Participant: 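Here it is, the structure, as structure tokens.
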Amino acid sequence: MSISSRVIYLDSNATTPVMPLALEAARAVMEDDYGNPSSVHSSGIQAKAVMEHARKTACDLLGSENGKLLFVSGATEGIQTAVFSTLLALRDKLAKGEKVGTDLLYGATEHKAVPESLHHWNQVLGLNFNIIAIPVDHAGRHDLAFLKAHLATAGLVCTMAANNETGIVTDLAGIEALLVDHPAYWLVDGVQALGKLPLKLSQHRIDYSLFSGHKLYAPKGIGLLYVHKDAPFTPLLAGGGQEGSLRSGTENVSGIAALGAVLEALSDGHTFRDHATLEKFRLRLLDAVKEAFPGLILNAPLAQSLPTTLNFSVPGLTSKELLDLFDAADVRVSAGSACSAAKAQPSFVLQAMDLPEWQAASAVRMSFGPAVTEDYIEEACRRIRVCGDALRKTCMVTGDIEPLPAEGVIQLSFGAACTWIVADSASKQCIVIDALPELIERIAKYVRCQTYTVAAIVGTGSHAQQDQTNQALANLLADAYTGDLSSDFSSTIASHKSACALQLSPTLTLNGITLGEKFFAQLNLVNAKNKPVFLFGDCLADDIKPSQDKSVKTNFAFCGDLFDTKNQAENKMPQNQQAMNVIQAELKSYIGEDTLLCAAHDFDKRLVTMFDHDTECCLESATVPSAKLHEFIATHPGTILVDVREPYEQQLSHFDVPEGSEVLHVPLTRLANGVERWLKQNESKTTPILFFCRTGGRSSQAVQCLRRLGYENAWHIAGGLALWQH
Ligand code: PLP
């Protein structure tokens, strides 16, 4: 891996770049030895020689003399072939009346390719065998007692040599000791072990093992399947009889040559690092991540995992946030869990290890390949430290760096539920609306880091046990909370030093408080008992209305779930459309139609809404393909580019701004402020606004929000910076 490119790639357990020597081997085949190995002419013979040389190298390295070594497309195909072969053999034995175990056992942390293959072929072949997961302990090691107890009825046992998410190395010797005189077939997924752990297949009673070239610097689409000479085998692919009729289809000779070249280099003594060096590199990375993310917790014990893998969680930060952060610094890591939403899907591997839910939902995996260099690791550590600085500067973690001040309306989410914060940098005050228990620690940390005080903590009656949550937040804030929790918002107003009467309309005056030039007040609707709405907006200049009351203009209304049909349906609330119309009319009469509504739930990722703006935006027509960006800017003069990534990402990334455009930073969590401004400033809504983010996900939400509110000249860049800056 070179550091000439700006990307630091720490996702080698997912895939690796192709090594120059593998590239050269593949190129030589594509250009020179391109014959079909089945052809009898010289070109065919040359191609076949390349292939057999690679096979010999692989056989020597893997010690596979007791079986066959087939070239396949990758590990997944190897797994299919092994599972298919085994199930057919078990079926045939049963048909002959032989007594065989038919339970299919697999480690609970296997790659999905294993259990999915077991289920698939079990179903396709109509076998109805039991498929049973072997549990693992906290350290990810197989429960050998469980395996022993289930061996009597086992027909197949599948265990990986090392885990792709955690790097945990399996106790193959312990498993083998149980299987030694047992007739069950044994499949060992060797994908993550190749090049990192010694594995001499014939020295073990392993029946099947498989490997993927792209996990070790060879291209995608080439892999190896080892089949012990006594293990059953049925070809998955029939056709031209290649690979001795065991795997038909013209061979991927260039891929085979590349894989052969990598395997040859494994023993040249200089291309790959030894175990001790890799361990040392991993410790350096660990030091850097610990420094950047205080409180970090390792999800796999170092001593029992591959020296090239680190899996950790950081309290208070989700996988998605960390992944976005690293990506902005051009450091590629992987989330240990699927993280399309703020409430990430926990990693099934970490769940199987029975780690706390938050850890399983916020894991990050860093993995490097065994050919990594010291310089590369040093640069990775430097970037990780820079990521830590960006988090401190934006108050995602507390630190000694002067933070960027919080301002305006901030939306925090947990799943579909929202907490809102309104902040004023001049008076260093904020107010929290609809606090969620899952977010209070983060809010308290954020406020403290900002050295703001919280003037009030209020609820719209939309989240469960709001009073307890508010109390817990007040406790966490301690002296940073200046409101009055003993009763409702009115006592806070009474005790607040900038309490005042707010003239909302000629007929309505409310008591509220001011935060700098802004006001915040509670409105109780006649038609919605115990469902207060909170109003936030501008105090208009005193000379507009020469009275003691402050004349105000509501910009935002925190309306809880008053207009949320989905949540009402889910909670089976009695509110019907008619009742909602009445409430809406009442609220509208106080605040006008152009106030932005901020709800307590956001199931459809609408961010903010307005009355009577329900037209859906057709995303397709609002999307600019990244390749057309420059053309778009040329044909849309005055385009404002809006970066909706979070402040910590914006701190880190440097990108080329297209000529003739200006870039604004409005994170999606603060989009409400931008929306309010754009709708107000651009009466004619003619300034083209082009949103972008890292991948196009968040910008698509932003553009739909703005278009829904009637701003048609809004767009977003498909694929975001990932494609545009490529
Ligand atoms: N097994 C393990 C342990 C893996 O890590 C992977 C890929 O991530 C696979 C199997 C599947 O490999 P492929 O997608 O190359 O077929």
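For ligands, and for the atoms within them, numbers begin at 1 and follow the listed sequence. Only a predicted model underlies this, so the values are computations on that prediction, with no experimental measurement involved.
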Participant: Among all protein heavy atoms in this structure, tell me which lies nearest to atom 8 (O) of ligand 1, with the distance rounded to 0.1 Å.
Facilitator: Lys215 NZ, 2.4 Å
Participant: Select one of side chain, backbone, both or neither to describe which atoms of Glu77 lie under 4.0 Å from any atom of ligand 1, heavy atoms only.
Facilitator: neither
Participant: Are a donor atom and an acceptor atom from the side chains of Thr57 and Asp60 found within less than 3.5 Å of each other?
Facilitator: no
Participant: Do me a favour and list the nearest non-hydrogen protein atom to atom 4 (C) of ligand 1 with residue, atom name and distance?
Facilitator: His111 CD2, 3.3 Å
Participant: Only heavy atoms of Ser212, strictly under 4.0 Å: list the atoms of ligand 1 that pass.
Facilitator: 12 (O), 13 (P), 15 (O), 16 (O)
Participant: Quick one: which of Leu187, Thr81, Leu224 gives a side chain to side chain contact (heavy atoms under 4.5 Å, CB included) with Leu210?
Facilitator: Leu187
Participant: Between Thr76 and ligand 1, which part of the residue brings a heavy atom under 4.0 Å of the ligand: side chain, backbone, both or neither?
Facilitator: both
Participant: Would you call the rings of Phe293 and Phe312 parallel, tilted or perpendicular, taking 30° and 60° as the class edges?
Facilitator: parallel
Participant: If we only count N/O pairs under 3.5 Å, is Gln192 in contact with ligand 1?
Facilitator: yes
Participant: Can you tell me if NZ on Lys148 sees more than 12 non-hydrogen neighbours from other groups inside 6.0 Å?
Facilitator: no
Participant: Name the closest protein heavy atom to atom 10 (C) of ligand 1, giving the residue it belongs to and the distance to 0.1 Å.
Facilitator: Asp189 OD2, 3.4 Å
Participant: Please indicate whether His138 has more than 12 foreign heavy atoms, meaning atoms of other residues, nucleotides or ligands, lying under 6.0 Å from its NE2.
Facilitator: no
Participant: Assign the ring pair His228 / Tyr226 to parallel, tilted or perpendicular, where the plane angle (0 to 90°) is split at 30° and 60°.
Facilitator: perpendicular
Participant: May I ask you to list the atoms of ligand 1 that are less than 4.0 angstrom from any heavy atom of Met160?
Facilitator: 3 (C)
Participant: Answer yes or no on whether Lys196 is positioned over the face of Phe272, meaning its NZ or CZ is under 6.0 Å from the six-membered ring centre and within 45° of the axis.
Facilitator: no
Participant: Short list, please: which atoms of ligand 1 are under 4.0 Å from a heavy atom of Ala75?
Facilitator: 10 (C), 11 (C), 12 (O), 16 (O)
